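Heads up, the thing below is written out as structure tokens.
The analysis underlying the following values was restricted to heavy atoms, covering all of them including side chains, and did not include hydrogens, waters or symmetry mates. Model, not experiment: these values are computed from the prediction.
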Amino acid sequence: MEVLVLGLLVLLLVSVERSECVRCFARFDLNLGQCDEELGELDEDDCCQNTQYGYQGPDGVCRGCGPPAWSPWSPWSQCNVLVGEGVTQRRRTCFGIGDCEKSEKLETKPCTGTCYNVKGWGPWLPWSPCSVSCGEGGERKRERVCSSPPECLSACTGPSEETEKCPTQTTCPVHGGWSGWSSWAACSAVCISTKDGDDVIPSRLRSRDCSSPAPSSDTVPPGDGCPGDRFQTQECSDLPNCPVDGSWGAWSQPGPCSVSCGEGLQLATRRCDSPAPKYGGRHCDGPSTQSSVCQSPCPVDGFWTGWSSWGECSASCIPEGRAPVRSRQRSCSNPAPSSSPPGAGCQGGASETTFCNHLPHCSVDGGWGSWSPFSSCPVTCGAGLQVSLRRCDSPAPKHGGQPCPGEGRRTSICQTNQHCPVDGMWSQWSPWNPCKYPFGGRDIRCKQIGGRQARERQCLHRAHNGSICSGGALTETRVCYDVDKCYPRGTWEGWEPWSLCRPSCGGSPRRFRIRRCTPDFSDYSPTIGRLKEPATFFGDPKADCGTPPNGEPKIETQNCVNVPACT
């Protein structure tokens with residue numbers, strides 16, 4: 001009883017054991033043996049629920065999940081010797097789960113190295129111009145080309161390029177270079193004056209000298225002077241406007257007497273407008289009216305001083321949403337309104353604000369938006385890849401800001417736990433069965449009596465409701481004559497093609513060819529039966545062609561030399 005329980009426990013542990021964890025890929029290239037479109041890490045069994053997939057184990061080798069199949073043959077390699085007799089080889093690989101049907105994976109045939117009478121180097125090409133036209137330190141070079149084919153490059157030894165010094169007898173001219181700019185001189189005035197209604201803006205000056213270095217005058221040709229201007233001017237546009245002192249205009253004719261301010265007055269007036277005071281300039285000295293004695297003074301209205309210079313902007317760049325601002329001020333004191341009797345105050349505001357639209361925009365670094373939901377599983381069998389995306393739009397980078405760090409795409413493996421259908425694949429045909437008389441056990445060997453033979457194949461690897469093999473039947477039959485070990489007359493023909501080298505690597509490989517002794521079956525009917533089916537001759541007849549002409553051999557063999565060792 002204890003043995004039975006222990007056996008069940010071992011069976012249970014084996015049944016829950018998982019296969020090896022591998023890197024799973026959604027595509028396997030049978031031609032190259034490469035995996036592509038990685039899904040992620042999965043158990044090997046889960047990955048290979050889809051036979052179109054491939055996987056990579058800890059050894060780094062890519063393997064297909066499908067039934068075993070041969071890759072196409074590689075191209076024949078170059079001859080493995082440059083001169084003399086050698087071999088060329090081609091290979092193919094069995095990919096998939098299991099072993100391919102028995103067949104060769106390496107083929108070898110003789111070849112002859114082609115590097116006889118190679119030309120080697122061609123003549124040297126002309127020297128290039130010297131790298132400098134004056135002074136020292138110049139170089140020039142020349143090249144030559146190997147005229148041999150690529151596989152014979154060993155015929156060209158030595159360098160393909162030569163260099164040598166090429167000093168000149170000419171002194172190089174020294175071209176002038178500017179020194180650094182001097183500091184800015186003081187502005188030509190301390191404020192912006194006005195003439196004939198236009199602003200006269202002061203300027204300031206700085207200079208530089210053509211002395212770093214000075215151009216040479218004793219070379220041929222002489223050195224070039226410094227390009228550009230020696231002096232540079234700049235307007236002092238940030239200065240305040242110069243104050244303009246007021247000056248009286250002409251007196252008006254005396255007006256009527258006014259009694260609204262106590263005793264009446266007969267007044268003559270003049271205006272401080274020739275010019276009017278501006279930018280903090282002094283008001284006109286003296287009265288603006290001439291009158292007879294008046295007991296009550298007249299009120300004085302307020303007047304603005306000039307605007308101050310603009311202040312600094314509230315920021316050094318324009319952020320998103322609103323530009324920074326700057327302001328300037330003035331005061332109602334030119335003159336201030338009288339208090340008794342009260343004069344009218346100044347109209348308008350004492351400060352003014354404007355946007356700093358001339359500044360550059362502030363850089364905005366990108367920010368990720370939210371991840372989208374994962375897409376639905378794209379497959380109905382095996383494993384697939386779900387995708388979630390996010391956009392760099394919260395905010396998007398602007399004005400030289402940094403892009404979002406990290407990835408905008410993430411994936412997740414989804415498993416259906418369902419095997420994908422595996423379609424059937426035809427096996428190779430079996431050899432033809434012996435040619436037999438179809439009606440009983442009659443012996444037809446070496447007789448002009450038709451027989452029939454068959455061969456079979458199997459539909460392999462079909463699983464999980466995959467399609468059955470298409471394009472043919474499981475068996476194939478044909479009519480035949482049994483000529484195995486018969487002795488018909490024959491005629492000598494040419495040589496058959498050389499065989500490949502056997503074995504294909506290592507050992508002492510050989511190849512052979514056979515002189516073709518063609519049997520004479522002219523006495524046989526070319527068709528068999530009422531349906532007139534084309535006849536085939538089955539077996540290995542021992543045709544009698546007699547002795548080959550001129551005493552030549554029936555078979556020739558050759559050694560395959562310089563065959564690489566097996567790997």
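For the residue pair Asn433 and Gln453, no side-chain donor N or O sits within less than 3.5 Å of a side-chain acceptor on the partner. Looking only at atom types and distance, the side chain of Ser103 has a donor-acceptor partner in the side chain of Arg92 under 3.5 Å away. In this structure, a donor-acceptor pair under 3.5 Å is absent between the side chains of Ser504 and Glu107.
Atom CD of Glu476 sits in a crowded spot, with more than 12 heavy atoms from other residues, nucleotides or ligands closer than 6.0 Å. Within a 6.0 Å sphere centred on CG of Asn465, other residues, nucleotides and ligands contribute 12 heavy atoms or fewer. The number of heavy-atom neighbours closer than 6.0 Å to CD1 of Ile555, taken from other residues, nucleotides and ligands shown, is above 12. Counted within 6.0 Å of CD on Glu161, heavy atoms from surrounding residues, nucleotides or ligands total more than 12; the atom is thus considered enclosed. When the shell of 6.0 Å around CG of Asn417 is examined, it contains more than 12 heavy atoms from other residues, nucleotides or ligands.
Counting only heavy atoms from C-beta outward, the side chains of Asp544 and Arg489 never approach each other to under 4.5 Å. Under the 4.5 Å side-chain criterion, counting only non-hydrogen atoms from C-beta, Thr411 is not in contact with Gln386.
Checked for salt-bridge contact, Asp540 and Lys542 meet the test: a charged N lies under 4.0 Å from a carboxylate O. For Lys165 and Glu139, the salt-bridge test passes: some basic side-chain N is under 4.0 Å from an acidic carboxylate O. Ionic pairing of Glu496 and Arg513 is not present here: no N-O contact between side-chain nitrogen and carboxylate oxygen is shorter than 4.0 angstrom. Salt bridge annotation for Arg91-Glu104: absent, with no cationic side-chain nitrogen under 4.0 angstrom from a carboxylate oxygen.
Classification of the Tyr524-Phe537 ring pair by plane angle, with boundaries at 30° and 60°, yields perpendicular. In this pair, His419 and His464 present their aromatic rings parallel. The plane angle is below 30°, not in the 30 to 60° band.
Contact detail for Arg516 and Trp495: the closest heavy-atom pair is NH2-O, 3.9 Å. Pairing each heavy atom of His361 with each of Cys317, the nearest pair is C-CB, 4.1 Å.
A donor-acceptor pair under 3.5 Å is absent between the side-chain atoms of Thr112 and the main chain of Glu85, judged by distance alone. At least one donor-acceptor pair closer than 3.5 Å links the side chain of Lys447 to the backbone N or O of Asp443. Under a 3.5 Å cut-off, the side chain of Asp393 and the backbone N or O of Ala396 do not form any donor-acceptor pair.
Relative to the six-membered ring of Trp498, Lys109 misses at least one condition, a distance below 6.0 Å or an angle of at most 45° to the axis. Cation-pi geometry between Arg391 and Trp368 is not satisfied (NZ or CZ under 6.0 Å from the ring centre, within 45° of the ring normal).
Evaluation of the salt bridge (charged side-chain N to carboxylate O under 4.0 Å, His left out) test over residues 410-434, restricted to residues two or more places apart or in two chains, returns none. For residues 52-71, the side chain to side chain donor-acceptor pair (under 3.5 Å) pairs, not counting sequence neighbours, are Arg23-Gln56, Glu44-Tyr55, Asp59-Arg63.
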Check against side chain to side chain contact (heavy atoms under 4.5 Å, CB included), Arg140 and Thr163: CA-CA 6 Å; Arg140 64 176 184 172; Thr163 60; over 6 Å; no
Check against salt bridge (Lys or Arg N to Asp or Glu O under 4.0 Å), Glu556 and Arg511: CA-CA 9 Å; Glu556 283 187 346; Arg511 67 172 183 165; over 6 Å; no
Chi angles and distances behind the side chain to side chain contact (heavy atoms under 4.5 Å, CB included) call for Glu37, Phe25: CA-CA 5 Å; Glu37 299 178 18; Phe25 294 81; 5.9 Å; no
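In this structure, Cys111 and Cys79 have their SG atoms less than 2.5 Å from one another.
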